[in-house]
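Reminder, nothing fancy here: chain letters follow the sequence lines and each chain counts from 1.
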There are 2 protein chains.
Amino acid sequence: MVATYKDIRRLTGLSLATISKYYNGGNVLGPNRELIEEAAAGLDYQVNNVARGLRSRRSMTIGVVLDQLNSTFNTTIVSRVEERLREAGYGTIICDARQDAHSQAEVVRFLIGKMVDGIVVVPVGDDTSFLKPARHRDVPVVAIDRLMPGTDSVVIDNRAAIASAVQLLTDSGHTTIGLLAGPDTTYTMRERRAGFRDAVRARTGLLPRVELLTPEEVSIEGGYAGLRRLIHLSAPPTAVVCANYGLTLGASIAQNELGSDLRPALVGFDNLELARLIRPRPTLVTQPIDKLALEAAELLLQRLNGEGPDEPVTIILDTTLMVGHESTYQLKPRVRMQR
Amino acid sequence: MVATYKDIRRLTGLSLATISKYYNGGNVLGPNRELIEEAAAGLDYQVNNVARGLRSRRSMTIGVVLDQLNSTFNTTIVSRVEERLREAGYGTIICDARQDAHSQAEVVRFLIGKMVDGIVVVPVGDDTSFLKPARHRDVPVVAIDRLMPGTDSVVIDNRAAIASAVQLLTDSGHTTIGLLAGPDTTYTMRERRAGFRDAVRARTGLLPRVELLTPEEVSIEGGYAGLRRLIHLSAPPTAVVCANYGLTLGASIAQNELGSDLRPALVGFDNLELARLIRPRPTLVTQPIDKLALEAAELLLQRLNGEGPDEPVTIILDTTLMVGHESTYQLKPRVRMQR
DNA sequence: AGTGGCCTTCGAAACGTTTCGCCAAAGGGG
DNA sequence: CCCCTTTGGCGAAACGTTTCGAAGGCCACT
């Protein structure tokens with residue numbers, strides 16, 4: 001049988017109230033502290049957090065809802081958020097929504113039923129209605145990577161991120177640049193495409209042609225097909241920017257299959273492991289994923305303590321352009337044209 | 001204020017016992033069912049799992065302890081285990097032990113304090129004492145990937161896995177084969193090295209020389225350094241087997257930097273994403289990760305229902321050899337020797 | 001009509017904590 | 001030396017469920 005306060009009371013003669021006080025950092029006299037510690041050690045006692053949660057109305061548990069788990073971005077988020085929250089005594093219940101808005105809504109209900117004290121979410125899409133059960137119960141929510149109106153959010157400066165890639169390419173002499181990005185149905189892709197359009201206009205004076213930024217499926221396959229589509233245009237781009245990790249990976253695969261004189265310059269997004277594997281070393285826009293996670297964790301902890309401003313907070317972090325080997329971004333002489 | 005049974009009682013006139021019965025699938029008359037459903041909908045009622053857990057002594061929560069989160073293997077495990085257990089109503093608390101045995105022990109205590117009903121663990125090392133708090137409270141534990149004496153375990157047939165790689169290589173004409181594996185301090189590496197040794201002897205009649213299977217650090221760096229060490233031996237292997245994903249990745253990077261005539265044949269371990277990126281298509285031993293996770297989840301669910309045999313269960317799954325492009329495993333003419 | 005058995009419902013007592021209000025003893029200032 | 005405040009401790013009442021034993025209603029069978 002597992003020990004409870006009652007067993008400690010039996011061994012120490014103290015009241016439940018005093019024992020509770022001890023376990024909650026209240027004032028207890030030295031000799032009594034020792035009595036409790038001794039009894040607890042003998043009993044292998046451990047506080048029952050379920051009972052505690054019932055009475056105190058804090059389960060000391062938070063939920064993390066991910067659009068998918070299988071990405072370096074998301075595992076890093078989980079890992080960091082979990083680490084920080086466990087320090088603060090919170091358990092982290094993880095839920096993978098498998099890219100499905102419906103199951104995302106279901107998962108939020110599930111978590112609310114589990115009485116989580118807060119939620120961190122990397123949302124599937126734009127619709128925020130799935131958070132209603134949380135709002136209704138005043139469970140604080142922090143969104144990562146996607147800006148959610150009315151919700152605390154931690155995001156990167158997507159426009160500046162893409163602009164930094166475009167700038168490197170135009171500085172290297174490129175005038176026709178393609179973008180591999182997903183459809184405008186998610187905040188992230190919308191921002192990145194808009195950032196691309198603005199940056200190209202600012203640097204070349206012209207808006208990019210529509211076929212240079214047609215949406216692709218956001219996946220490795222999408223990146224592969226997208227790059228091939230771009231290089232087969234009648235006026236192909238001399239450089240391509242990828243707006244996400246999967247697209248970068250797919251585009252890199254397509255690159256590998258091309259002769260080196262046909263390869264456009266390529267600026268990818270976000271994956272460091274990739275960078276270690278590919279030679280020549282690729283040029284990448286990298287997100288401060290750890291920081292994104294930590295900021296989200298801190299923000300949530302604030303909310304859990306009832307702190308922070310009344311209105312929703314938005315934290316915007318900067319990205320870094322990791323410049324790779326020259327050949328990955330410089331304008332190549334157009335061999336075919338010289339023939 | 002959040003609704004409780006008492007609110008439903010107020011609206012329906014039924015007793016708490018009946019309402020409880022309704023929510024636990026007991027027999028309740030049709031009209032009363034409807035009354036409850038109506039009231040619950042109006043109140044946006046949701047069962048409080050914390051209170052339920054206190055009384056029923058099941059928190060409907062399990063813990064997953066990982067040696068690290070940042071690997072495809074582990075994220076797949078988590079994702080599948082979580083999916084299956086959520087179907088059964090369990091929440092999954094995740095804990096990353098960051099490769100540290102001490103923090104792994106701490107994490108188990110933490111989970112026990114959170115009153116988890118069961119634990120899935122991908123252990124850091126061999127020592128099983130960190131599970132003591134769980135055993136002491138009869139919390140069932142299922143280990144994945146590492147065989148733990150006295151604990152239900154789901155593992156792959158490590159010896160056969162490596163043997164299949166060795167067989168392909170010897171069949172292709174190789175007689176000197178190197179192994180990149182970690183130290184014998186973990187079950188997995190011990191088995192894979194033993195499997196290698198046995199398979200080489202069975203196929204060539206000789207034990208491999210020690211310098212062909214010296215332990216490396218289990219990491220990308222270790223794989224990189226290890227491959228370079230092997231090819232600089234006075235009698236270098238013509239083929240190398242990698243016993244783990246990180247080692248494979250590192251070895252691939254080292255491969256990429258070599259002239260194609262110097263590259264040994266390479267059989268890697270376990271990563272499919274890698275396989276999509278690298279050309280020529282690599283040869284890999286792949287684990288049935290999904291199945292590993294599902295078997296573990298089912299086993300744990302059995303234990304949670306008090307089912308299954310009295311003694312610990314060990315489930316051993318087979319791996320598959322994914323044969324890549326010929327050039328990755330065939331014996332090359334030794335160019336240097338012919339000069 | 002009486003008896004036995006099932007089905008449904010009920011009241012009340014848990015489950016293991018926290019918290020509220022109260023009390024006694026100790027400490028400090030005038 | 002008295003009064004006031006602070007400190008440490010206590011009993012009892014929650015928190016929102018589940019569960020146990022009992023009881024009432026209904027039906028079928030003698």
Side-chain angles (χ1 to χ4, degrees), chain A residues 1-37 39-40 43-61 89 91 112-117 137-139 304, chain B residues 1-37 39-40 43-61 89 91 112-117 137-139 304:
Chain A
M1 203 46 213
V2 174
T4 71
Y5 278 5
K6 286 181 185 166
D7 298 298
I8 299 185
R9 171 172 67 183
R10 189 164 39 75
L11 295 186
T12 62
L14 295 168
S15 75
L16 300 183
T18 304
I19 301 169
S20 169
K21 217 170 171 187
Y22 169 82
Y23 279 106
N24 291 285
N27 286 330
V28 177
L29 288 185
N32 290 336
R33 299 192 86 82
E34 281 168 28
L35 274 174
I36 294 176
E37 277 156 19
L43 293 164
D44 189 21
Y45 174 78
Q46 198 152 3
V47 175
N48 182 329
N49 277 278
V50 172
R52 182 178 264 184
L54 173 60
R55 178 60 229 230
S56 66
R57 319 180 126 279
R58 307 192 87 189
S59 67
M60 292 307 279
T61 296
I112 293 297
K114 290 261 175 255
M115 301 283 128
V116 295
D117 296 332
R137 283 171 173 73
D138 283 324
V139 172
L304 290 170
Chain B
M1 206 45 213
V2 173
T4 72
Y5 280 3
K6 287 184 184 164
D7 299 299
I8 299 184
R9 170 172 67 182
R10 190 163 39 75
L11 294 186
T12 62
L14 295 167
S15 76
L16 300 182
T18 304
I19 300 169
S20 169
K21 213 170 174 190
Y22 169 83
Y23 279 106
N24 290 286
N27 285 331
V28 176
L29 289 183
N32 289 338
R33 299 193 86 81
E34 282 169 27
L35 274 175
I36 294 176
E37 278 156 19
L43 292 164
D44 189 22
Y45 175 77
Q46 198 151 3
V47 175
N48 181 331
N49 277 279
V50 171
R52 180 177 266 184
L54 173 59
R55 179 59 229 230
S56 66
R57 317 179 127 279
R58 307 192 85 187
S59 67
M60 292 307 281
T61 296
I112 293 297
K114 290 264 175 253
M115 302 282 127
V116 295
D117 296 332
R137 284 174 173 71
D138 282 322
V139 172
L304 290 170

Would you indicate, yes or no, if C:dT8 has its OP1 or OP2 atom less than 4.0 angstrom from a side-chain nitrogen or oxygen of B:N27? yes

Next item on the list: Without swapping roles, check the side chain of B:R58 against the backbone of B:L304 for a donor-acceptor pair under 3.5 Å.
Entry: yes

Sorted by number, residues from residues 8-19 of chain B placing a heavy atom under 4.0 Å from DNA chain D are B:L16, B:A17

Interatomic distance, CD@B:E37 vs OG1@B:T12, rounded to 0.5 Å, equals 12.0 Å

C:dG16, OP1 or OP2 - any side-chain N/O from B:R57 closer than 4.0 Å? yes

Taken to the nearest whole Å, CG/B:L54 to P/C:dA13 is 17 Å

Q) Are the side chain of B:K114 and the backbone N or O of A:M60 linked by a donor-acceptor pair below 3.5 Å? A) yes

**Message:** What contact category does B:V28 fall into here, base, sugar-phosphate, or nothing, at under 4.0 angstrom with non-hydrogen atoms?
**Reply:** sugar-phosphate

- Query: Quick one: is C:dT17 close enough that its OP1 or OP2 comes under 4.0 Å of any side-chain N or O from A:Y45?
  - Reply: yes

Between CZ of A:R33 and P of D:dT7 the distance, given in whole Å, is 15 Å

Margin query: Any N or O donor-acceptor pair under 3.5 Å from the base of C:dT17 to the side chain of A:R52?
Written below: no

Whichever of A:S20 and A:K6 has the more 5' nearest nucleotide on DNA chain C, that residue is A:K6

Out of D:dT18, C:dT17, C:dT18, minimum distance to the side chain of A:S56 belongs to C:dT18

Interatomic distance, OG1@A:T18 vs CG@A:L35, rounded to 0.5 Å, equals 11.5 Å

| message | So, does A:T4 get its side chain near the phosphate of C:dG16, meaning an N or O under 4.0 Å from OP1 or OP2? | response | no

Q.
Students often mix this up, so state it plainly: with edges at 30° and 60°, are the rings of A:Y5 and A:Y45 parallel, tilted or perpendicular?
A. tilted

From CZ of A:R58 across to P of C:dT17 the rounded distance in Å is 19 Å

With sequence neighbours left out, the residues meeting side-chain hydrogen bond (donor to acceptor under 3.5 Å, both in side chains) with A:E34 are none

Closest non-hydrogen contact found for B:L16 with B:K6 is CD2-N, 4.0 Å

Taking D:dG8, C:dC15, C:dT17 as options, the one with an atom nearest any side-chain atom of A:N48 is C:dT17

Rounded to whole Å, CG of A:L29 lies from C1' of C:dA24 at a distance of 13 Å

Sorted by position of nearest nucleotide on DNA chain D, 5' first, the leading residue of B:A51 and B:K21 is B:A51

Whole-Å distance, B:M60 CE to D:dT18 C1', equals 14 Å

Closer than 4.0 Å, any side-chain N/O of B:N24 to the OP1 or OP2 of D:dT18?
yes

Which of D:dT17, C:dT18, C:dG16 is nearest the side chain of A:Y5? It is C:dT18

To the nearest angstrom, the OH-C1' distance between B:Y22 and D:dT19 comes to 20 Å

Here the distance between atom P of D:dG16 and atom CG of B:L43, to the nearest Å, is 13 Å

Atom CE of A:M115 and atom P of C:dT17 are separated, to the nearest Å, by 20 Å

- What do the steps show when you test A:I8 against A:L14 for side-chain contact (heavy atoms from CB on, under 4.5 Å), and what is the final call? CA-CA 8 Å; A:I8 299 185; A:L14 295 168; over 6 Å; no

Does A:R55 contact C:dT17 through a side-chain donor or acceptor facing the base, at a distance under 3.5 Å? no

